[in-house]
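Take a look at the structure below.
Computed from a predicted model, the values in this text were never measured in an experiment. In each ligand, atom 1 is the first atom listed, and ligand 1 is the first ligand listed.
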Amino acid sequence: MPPTDRAWLAAAARLAARGRPLSRPNPAVGCVIVQRGAVVGRGWTQAGGRPHAEAMALAAAGDAARGSTVYVTLEPCAHRSERGPACADLLAEAQPARIVVGVADPDPRTAGEGIDRLRSAGIDAETVASPEAEASLAGYLMRARHGRPHVTLKLAMSLDGCIALADGTSQWITGEAARAHVHSRRALADAILVGGGTWRGDSPRLDVRLPGIEDRSPERWVLTRGAAPEGAQAIASPAAIGDMSGVQYLYVEGGAQTAAAFLSADLVDRIELYRAPIVIGDGLRAIGSLGPASLDAAHGRWQRRETCQLGSDTFTAYRRTRSS
Ligand SMILES: NC(=O)c1ccc[n+]([C@@H]2O[C@H](COP(=O)([O-])OP(=O)(O)OC[C@H]3O[C@@H](n4cnc5c(N)ncnc54)[C@H](OP(=O)(O)O)[C@@H]3O)[C@@H](O)[C@H]2O)c1
């Protein structure tokens, strides 16, 4: 049985991941061009935002794009810029038979216009809802729809939910494989944030130390009611994350008060939890006070998305369930 539209869009979403976060400020888009069941072109948004995924895939496909089916995670752009033509025009010229889009573009310069232009060029263009495409564009969509970055909260904790000993020591709770994994996750973010307490107490480097991608360290931010310390920018409350210019993906690394501040404001979209097989007992609990709680309200908010073993530690990611 040939792959479904949704399977091809999922493949395009996997390609899109290669562009994140270097495509900033443009969304990381993926594109696959299929002719008689075979892939003839693939593309993803390049560093700095150009070329776009569609332009790259069309260049690879050449004449084979005529009569093909194009799968693209985000509606092709309809606006020309100084840096290149609109993808809707490039596609119209290439004359594929069909274009399948994973997510309609909320950017008012394109919204609906990309699809309309393709249809006007005689191409069968449609949107097929794709959770994979939607997930691959989470940061771009969050910024466009809600004016803020997508927020991941990382917690490295013991079996009994502590992120430090009672005296504040937290290096190291997890093992080498988990810490390397954290560095790979940092490399996917535009910005990384810790609370003022962690900044002062741990002097964390907050950089990417994986061979070959050391240059992918994100911007450093601190949550503080005071002034920005040297080497970082500051926000005075979680609600101010919308002011982090151009940031689509924010990675929050704690500590406990900071985690609580973001969770209380309902500004965490994903929790990435590293659990080490150690018991601390009387230590610092991972998350500070969240105010009065009800079990009814606590249920149904988080959905497990992935889990894996990293040496002796376990990684589990949870997604905040929201309507959009
Ligand atoms: N295992 C892990 O994953 C992990 C990760 C990080 C940290 N840690 C550990 O966690 C401990 C530190 O945690 P912590 O809870 O004491 O401190 P923290 O969350 O790192 O920092 C607390 C500070 O953040 C700022 N802050 C908190 N809520 C705020 C709000 N709503 N608005 C504005 N600013 C706010 C304030 O900074 P100002 O005082 O500057 O105003 C506050 O003093 C350390 O022992 C560290 O080693 C563990």
Review point. Quick one: nearest non-hydrogen protein atom to atom 11 (C) of ligand 1, plus distance?
Key: Leu284 CD2, 3.5 Å

Review point. How long is the gap from CG on Asp107 to CZ on Arg143, to the nearest 0.5 Å?
Key: 13.5 Å

Point to revise | Test of proximity, Gly168 against ligand 1: N or O pairs below 3.5 Å | key: yes

**Study point:** More than 12 heavy atoms of other groups within 6.0 Å of Gln95 CD
**Key:** yes

Review point. Short N/O distance, under 3.5 Å, between Thr169 and ligand 1?
Key: no

Study note, to complete from the structure: protein heavy-atom neighbour closest to atom 2 (C) of ligand 1 works out as Ala156 O, 3.6 Å

Exercise for review: Kindly identify the option in Gly196, Ala286, Ser237 whose heavy atom sits closest to atom 24 (O) of ligand 1.
Suggested key: Gly196

Point to revise | Sole candidate of Thr110, Val101, Asp105, Val29 that passes side-chain contact (heavy atoms from CB on, under 4.5 Å) when paired with Pro76 | key: Val101

Point to revise | For atom 12 (C) of ligand 1, closest protein heavy-atom neighbour | key: Thr198 OG1, 3.4 Å

Check your understanding: Do the charged groups of Glu132 and Arg6 touch, with an N to O distance under 4.0 Å?
Key -> yes

Review point. For atom 40 (O) of ligand 1, what's the nearest protein heavy atom and its distance?
Key: Thr224 OG1, 2.6 Å

Study note, to complete from the structure: closest protein heavy atom to atom 30 (C) of ligand 1 is Arg225 NH2, 3.3 Å

Check your understanding: Are Ile115 and Val103 joined in one hydrophobic group, where the rule is that I, L, V, M, F, W and Y side chains link up if heavy atoms are under 4.5 Å apart?
Key -> yes

Point to revise | Distance from atom 46 (C) of ligand 1 to nearest protein heavy atom, with residue and atom | key: Asp202 OD2, 3.3 Å

Practice item. Take Val247 and Arg24 through the test side-chain contact (heavy atoms from CB on, under 4.5 Å) and record every step on the way to the result. Key: CA-CA 8 Å; Val247 173; Arg24 176 185 167 185; 4.2 Å; yes

Review point. How many angstroms lie between atom CZ of Arg209 and atom CZ of Arg179, to the nearest 0.5 angstrom?
Key: 9.0 Å

Exercise for review: Would you please classify the geometry between the Tyr71 ring and the Trp8 ring as parallel, tilted or perpendicular, with 30° and 60° separating the classes?
Suggested key: parallel

Review point. Which option out of Ala236, Gly288, Ala265 puts a heavy atom nearest to atom 32 (N) of ligand 1?
Key: Ala236

Point to revise | Per-residue contact class, Ala164 against ligand 1 - non-hydrogen pairs under 4.0 Å | key: side chain

**Study point:** Geometric N/O contact Ala261 with ligand 1, under 3.5 angstrom
**Key:** no

Check your understanding: Any heavy atom of Arg200 sitting closer than 4.0 Å to ligand 1?
Key -> yes

Check your understanding: Relative to Tyr249, does Arg20 satisfy both conditions: NZ or CZ under 6.0 angstrom from the six-membered ring centre, and within 45 degrees of the ring's axis?
Key -> yes

Check your understanding: Quick one: nearest non-hydrogen protein atom to atom 34 (N) of ligand 1, plus distance?
Key -> Leu223 CG, 3.5 Å

**Study point:** Atom pair CZ (Arg148) and CD (Gln248), whose distance is rounded to the nearest 0.5 Å
**Key:** 13.0 Å

Check your understanding: What distance do Leu263 atom CG and Ile271 atom CD1 have between them, rounded to the nearest 0.5 Å?
Key -> 5.5 Å

Point to revise | Distance-only N or O hit between ligand 1 and Glu253, under 3.5 Å | key: no

Revision key, fill the gap. Atom 17 (O) of ligand 1 has as its nearest protein heavy atom Gly197 CA, 3.9 Å

Check your understanding: Do Pro238 and ligand 1 have an N or O pair less than 3.5 Å apart?
Key -> no

Practice item. Would you give the length of the straight line joining atom CZ of Arg185 to atom CD of Glu272, rounded to the nearest 0.5 angstrom? Key: 4.0 Å

Check your understanding: Which residue from Gln171, Gln257, Lys154 reaches closest to atom 22 (C) of ligand 1 through any of its heavy atoms?
Key -> Gln257

Point to revise | Contact (N/O only, under 3.5 Å) between Ile163 and ligand 1 | key: yes

Review point. Can you find an N or O of Ala256 that's nearer than 3.5 Å to an N or O of ligand 1?
Key: yes

